[in-house]
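Step one of this worksheet: look at the structure below.
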Number of protein chains: 2
Amino acid sequence: MRERKKRETRAALAEAALRLALDKGPDNVTVEEIAEAADVSVRTFFNYFPHKEHAILGRNPEHLERALDRMRTAPAAESPLTTMWFVVDDVLRDLEREGELSRRGELIMSSPSLVYQLMMSSFEDERLLTAGLAERMGEPGGSVRAALIVSASGAACRVAMELHKTAPERSVRDLVAEGFHVLADGLDPGFAPTVPDDTTTNHTMPEEQEGPS
Amino acid sequence: MRERKKRETRAALAEAALRLALDKGPDNVTVEEIAEAADVSVRTFFNYFPHKEHAILGRNPEHLERALDRMRTAPAAESPLTTMWFVVDDVLRDLEREGELSRRGELIMSSPSLVYQLMMSSFEDERLLTAGLAERMGEPGGSVRAALIVSASGAACRVAMELHKTAPERSVRDLVAEGFHVLADGLDPGFAPTVPDDTTTNHTMPEEQEGPS
DNA sequence: TTAATAGTTTGCAGTGAGTGCAAGTTTGTT
DNA sequence: AACAAACTTGCACTCACTGCAAACTATTAA
């Protein structure tokens with residue numbers, strides 16, 4: 001079966017990439033090494049992954065399908081963030097089962113370029129999930145709330161991975177759960193921006209000379 | 001004066017990078033072209049900017065400093081998300097101002113990837129912001145809430161950029177503000193995960209999306 | 001003015017990512 | 001067995017980026 005072979009090759013590459021990245025640090029691994037470790041040519045590597053980082057992230061395209069499915073088949077009464085929780089929880093359970101969560105998670109969070117890639121590749125997923133969620137919620141496509149629920153859920157995941165690094169006694173899933181509760185209840189009941197549109201605020205610090213940023 | 005010459009060269013490179021990026025699209029510019037346009041060698045370009053994008057963005061290293069400063073000098077009574085709002089608002093005002101005044105701002109605002117790069121480099125070290133905020137809040141370093149406030153603020157920004165693309169009549173700053181309010185008040189009052197810790201749940205399928213896949 | 005010196009620029013050589021192409025190999029089908 | 005589709009691979013190429021050492025230039029001391 002071709003499908004099977006492709007999946008095997010993909011897995012072998014992802015596995016090799018992860019192992020080598022853990023060994024030598026994500027920036028000291030070359031595609032050549034990864035390809036060699038997986039017994040394929042460098043060129044073939046790039047048939048599977050557009051970037052080196054994608055291989056280390058080891059994202060499985062099927063998972064998004066299942067996520068969208070879970071969202072579509074969720075009970076009508078389920079609140080939107082609750083739905084997102086189950087979607088995320090499914091991932092976490094899967095990763096925990098494979099025992100790869102902390103290995104890979106820690107690695108990712110330790111490397112800015114990996115975090116960047118993770119976010120980048122999450123964006124497309126987030127867009128689809130947002131669309132699905134907005135539909136479920138009966139809100140217009142441009143709903144800030146729907147988009148925020150998805151996007152902030154991703155943020156909660158990243159935060160959890162980050163904190164898990166320094167507090168390994170708390171499981172990632174536990175930390176994510178806490179994050180979801182905080183998000184659900186409100187980040188800050190005291191939020192009160194007194195828009196300093198013109199004057200009298202000491203926060204109107206001047207600006208820079210070079211371009212933006 | 002050497003200082004002056006360095007600043008001139010830097011400006012020339014940034015300017016050339018911007019002009020070429022506007023002309024040919026940010027992805028179709030080579031460092032060689034930029035260097036040539038600024039009358040320096042390619043090698044010299046890399047003495048000034050670590051990456052091509054930095055030149056296009058004309059990134060100012062002071063930005064993070066300013067953000068942290070704003071955070072440190074915030075009134076004690078200011079709630080944490082409010083503080084984040086002012087920090088973010090500061091950046092957005094820059095962009096809006098530059099967007100009006102300079103071609104660079106326009107280019108950045110027109111290109112999601114550049115906007116994202118900009119936000120990322122502005123928040124280069126989210127950990128610093130998180131640490132600063134946690135300290136302000138008198139919470140331990142591993143505070144989920146502090147980390148989430150910073151991280152979710154970033155999410156709100158990205159959501160705003162994204163929505164602004166399809167709904168240009170709403171300003172990015174306006175959309176970000178709405179996002180902050182949603183985050184402050186709570187994403188979902190109905191959040192109620194019926195923790196399926198052991199059995200019988202039909203939602204226990206592995207899955208993917210945000211987490212490291 | 002001249003000579004030492006410290007800061008800058010540059011060429012060069014090299015690594016490594018990533019792409020397009022065309023030829024070769026495997027796998028599935030008739 | 002013959003054929004086509006899918007997959008792999010080598011090759012040649014562009015480009016980003018780095019380290020090194022030579023060359024250049026402004027600054028300072030004598």
Side-chain angles (χ1 to χ4, degrees), chain A residues 1-21 23-62 107-108 111-118 120-121, chain B residues 1-21 23-59 61 111 113-114 116-117 120-121 124:
Chain A
M1 213 69 170
R2 269 172 171 158
E3 282 304 309
R4 183 231 226 101
K5 201 147 213 275
K6 282 196 78 172
R7 253 183 295 116
E8 282 172 0
T9 303
R10 190 190 180 85
L13 281 170
E15 169 61 27
L18 175 61
R19 188 168 43 77
L20 289 169
D23 265 15
K24 325 174 47 174
D27 296 333
N28 302 322
V29 190
T30 72
V31 173
E32 196 174 353
E33 292 171 317
I34 299 174
E36 190 173 353
D39 260 314
V40 293
S41 73
V42 173
R43 195 62 187 77
T44 298
F45 174 93
F46 286 109
N47 287 339
Y48 282 89
F49 301 96
H51 309 293
K52 187 177 53 166
E53 289 77 17
H54 273 58
I56 300 178
L57 291 182
R59 303 198 23 147
N60 184 338
E62 288 178 16
L107 177 68
I108 290 171
S111 156
S113 72
L114 286 179
V115 173
Y116 174 79
Q117 281 299 332
L118 173 63
M120 280 284 110
S121 61
Chain B
M1 214 70 169
R2 270 169 172 162
E3 282 303 308
R4 183 228 228 104
K5 198 147 215 264
K6 281 196 79 171
R7 253 184 293 118
E8 280 174 3
T9 304
R10 192 190 178 84
L13 280 170
E15 167 62 27
L18 172 61
R19 189 166 42 77
L20 289 168
D23 267 15
K24 325 172 54 173
D27 296 333
N28 301 323
V29 190
T30 72
V31 174
E32 195 175 353
E33 293 170 318
I34 299 174
E36 190 172 355
D39 261 314
V40 293
S41 73
V42 173
R43 195 61 188 77
T44 297
F45 174 92
F46 285 109
N47 286 339
Y48 282 90
F49 301 96
H51 308 294
K52 190 175 52 167
E53 295 77 22
H54 277 56
I56 299 178
L57 290 181
R59 190 180 163 282
S111 156
S113 70
L114 283 181
Y116 180 72
Q117 288 272 359
M120 275 291 104
S121 57
E124 190 162 56

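Note that these values count all heavy atoms, side chains included, but never hydrogens, waters or copies made by symmetry. First the proteins, then the strands, lettered A, B, ... as listed; each starts at 1.
The structure places NE2 of A:His54 at 5.0 Å from OG of A:Ser121, a figure rounded to the nearest 0.5 Å.
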For the pair A:Leu57 and A:Phe49, evaluate side-chain contact (heavy atoms from CB on, under 4.5 Å) and give the outcome as yes or no after the intermediate values. CA-CA 10 Å; A:Leu57 291 182; A:Phe49 301 96; over 6 Å; no
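Rounded to a whole Å, the CD atom of B:Glu32 is 14 Å from the P atom of C:dT10. Between the C1' atom of D:dT14 and the CG atom of B:Asp27 lies a distance of 15 Å, rounded to the nearest Å. Rounding to whole angstrom units, CZ of residue A:Arg4 and P of C:dT26 are separated by 18 Å. To the nearest angstrom, P of C:dT8 lies 14 Å from CD of B:Glu8. Look at NZ on B:Lys6: it is 17 Å from P on D:dT25, rounded to the nearest Å. Nucleotide D:dT27 holds its C1' atom 13 Å from the CD atom of B:Glu3, rounded to whole Å.
Panel note: side chain B:Lys52, backbone B:Val29; a donor-acceptor pair is recorded below 3.5 Å.
Checked against side chain to side chain donor-acceptor pair (under 3.5 Å), B:Asp39 has no partners two or more places apart in sequence or in another chain. Applying the side-chain contact (heavy atoms from CB on, under 4.5 Å) test to A:Glu8 and every residue at least two apart in sequence or in another chain returns A:Arg4. For A:Ala12, the side-chain contact (heavy atoms from CB on, under 4.5 Å) criterion is met by A:Ala38, not counting sequence neighbours. Applying the side-chain contact (heavy atoms from CB on, under 4.5 Å) criterion to B:Lys6, with sequence neighbours excluded, gives B:Tyr48.
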What pairs of nitrogen or oxygen atoms, one from the protein and one from nucleotides 27-30 of chain C, lie under 3.5 Å apart?
from: C:dT27; atom 1: O2; to: A:Arg2; atom 2: NH2; distance (Å): 3.1
from: C:dG28; atom 1: OP1; to: A:Met1; atom 2: N; distance (Å): 3.3

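Within residues 33-52 of chain A, the residues approaching DNA chain D are A:Val40, A:Ser41, A:Arg43, A:Thr44, A:Asn47, A:Tyr48, by heavy-atom distance under 4.0 Å.
Atom CD of B:Glu33 has more than 12 heavy atoms from other residues, nucleotides or ligands within 6.0 Å.
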